[in-house]
Amino acid sequence: MKPDITPTILLHHNHHLWHRKMGSQVSKQIERRKEISIQKKVLVDLEESSGETYPGSDYRPSDRKNWMAEFNPEKLHINQIVWPGTHDSATNRIGIPLITRPFAQCQSLSIYRQLCVGTRVFDIRVQEDRRVCHGILTTYSVDVVIGDLKRFLSETESEIVIFEIRTEFGHEDPPEFDKFLEEQLGEYLIHHDNIVFGKTIAELLPKRIICVWKPRKSPAPKHGSPLWSAGYLKDNWIDTDLPSTKFESNMKHLSEQPSVLSRKYFYRVENTVTPQADNPIVCVKPVTNRIHGYARLFITQCFSKGCADKLQIFSTDFIGEDFVDACVGLTQARVEGKA
């Protein structure tokens with residue numbers, strides 16, 4: 001009687017399939033890495049050919065904590081400001097250090113430290129229990145964020161902050177959160193009104209916060225209320241880890257917007273890229289670093305392409321002084337009529 005060789009054939013067949021699958025995975029990874037290095041080179045070459053000089057690019061605020069006050073608040077209009085912002089702003093202590101934190105951390109500074117360095121737009125995501133989260137990972141309560149914000153406001157006089165808070169995707173809205181925000185921030189809230197865009201900072205003071213609340217299911221803020229609804233802070237975020245793809249997408253969508261002087265909403269460009277699940281590098285920092293250093297190049301290209309008058313909120317991961325200065329410099333040029 002011949003031995004049954006079917007299991008051996010099946011084993012060989014499965015082994016062959018596994019090899020093919022692994023082979024295709026490996027070649028896919030090689031292709032991805034090649035694409036990333038090609039895209040990095042695109043930005044390097046663009047920087048070499050066009051430089052990073054634009055109106056205001058050499059300006060440095062003497063006090064970043066009070067950079068708006070350095071411009072005359074009676075002359076600085078809301079629609080002239082280039083607002084330095086952060087993406088996933090309250091993630092400096094998210095998850096477990098060295099274990100889950102690298103997958104979700106997008107900022108290394110607390111909200112208070114970000115404010116002091118010059119950040120003026122925040123992207124805060126919450127879950128049902130009012131804790132800040134990023135996907136499935138959680139961190140401190142939103143009370144910590146509000147405490148940092150109030151501390152900063154008490155130490156400064158003319159700084160205006162855009163505070164976007166939303167229920168994270170896949171989570172439920174915190175109950176009665178709009179009432180909570182109004183109770184916590186009420187004295188500082190700039191109520192929704194389309195005339196705000198054309199006003200000077202001095203005309204808005206002592207109110208200091210434009211708070212945009214984006215719930216998933218709860219009712220959206222109404223016109224004229226203390227909170228602003230989602231349509232007043234727009235962006236065209238795309239989910240990619242490819243730096244030149246993101247850079248070009250940002251430029252294309254920005255160029256399609258009206259000028260800041262005529263539009264009645266804030267528009268955000270995020271100078272970030274996002275880790276992808278099919279890639280071996282899934283930690284935020286090494287991925288977002290592919291585009292992180294090209295903020296000034298983006299502003300320079302806005303001038304080359306004729307859409308510098310459309311740039312408004314410019315956001316980043318791991319914000320630092322140079323990113324803030326890049327935005328404040330363009331604001332200064334606008335105030336002086338040079339841009």
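The structure displayed is predicted, hence computed values, not measured ones.
Taking the six-membered ring for Trp and thresholds of 30 and 60 degrees, Trp83 and Phe266 have ring planes more than 60 degrees apart, a perpendicular arrangement. The aromatic rings of Phe177 and Trp213 sit tilted relative to each other, their planes meeting at an angle between 30° and 60°.
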Trace of the side-chain contact (heavy atoms from CB on, under 4.5 Å) decision for His171 with Cys133:
CA-CA 10 Å; His171 291 276; Cys133 61; 4.0 Å; yes
Derivation of the side-chain hydrogen bond (donor to acceptor under 3.5 Å, both in side chains) call for Ser27 and Glu31:
CA-CA 6 Å; Ser27 64; Glu31 283 303 307; over 6 Å; no
With side-chain contact (heavy atoms from CB on, under 4.5 Å) as the criterion, how do Arg64 and Asp325 come out once you've worked through the C-alpha distance, each side chain's angles and the decisive distance to 0.1 Å?
CA-CA 8 Å; Arg64 291 185 186 85; Asp325 293 354; 2.8 Å; yes
Kindly determine whether Glu70 and Ser62 satisfy side-chain hydrogen bond (donor to acceptor under 3.5 Å, both in side chains), including the steps that lead there.
CA-CA 8 Å; Glu70 285 190 1; Ser62 61; 2.5 Å; yes
Dump the intermediate steps for salt bridge (charged side-chain N to carboxylate O under 4.0 Å, His left out) on Arg216 and Asp173, then the final yes or no.
CA-CA 6 Å; Arg216 298 206 83 75; Asp173 298 319; over 6 Å; no
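Using a 3.5 Å distance cut-off with no hydrogens or angles, the side chains of His87 and Asp123 do not pair a donor with an acceptor. Between the side chains of Tyr265 and Gln257, a donor-acceptor pair is found at a separation under 3.5 Å. Judged purely by distance below 3.5 Å, without hydrogens or angles, the side chains of Tyr59 and Glu336 never pair a donor atom with an acceptor atom. For the residue pair Gln39/Thr245, the side-chain donor-acceptor check at 3.5 Å is satisfied.
Residues Thr139 and His134 form no side-chain contact, since every pair of their non-hydrogen atoms from C-beta on lies 4.5 Å or further apart. In this structure, Ile165 and Val145 have side chains that are not in contact, with every pair of non-hydrogen atoms separated by 4.5 Å or more. Counting heavy atoms from C-beta outward, Phe247 and Gln301 have side chains that approach closer than 4.5 Å.
Between Pro55 and Ala333, the shortest heavy-atom contact is O-CB, 3.4 Å. The shortest heavy-atom contact between Val260 and Lys310 is CG1-O, 3.8 Å.
Atom CG of Leu254 is separated from atom CG of Asp235 by 12.0 Å, given to the nearest 0.5 angstrom. Note that CZ of Arg120 and OG1 of Thr331 are 11.0 Å apart. Values are rounded to the nearest 0.5 Å. The CZ atom of Arg130 sits 7.0 Å away from the CG atom of Asp143 when rounded to the nearest 0.5 Å. Note that the CD1 atom of Ile210 and the CZ atom of Phe197 stand 7.0 Å from one another [nearest 0.5 Å]. The CD atom of Gln312 sits 11.5 Å away from the NZ atom of Lys234 when rounded to the nearest 0.5 Å. One distance of note links OG of Ser249 with CG of Leu242; it measures 11.5 Å at 0.5 Å rounding.
Ring centroid separation for the pair Tyr232 and His192 comes in under the 6.0 Å cut-off.
Grouped by direct or indirect side-chain proximity (heavy atoms under 4.5 Å, Ile/Leu/Val/Met/Phe/Trp/Tyr only), Ile99 sits with Ile96.
Shown here is Glu157, whose CD atom has no more than 12 heavy atoms of other residues, nucleotides or ligands within 6.0 Å.
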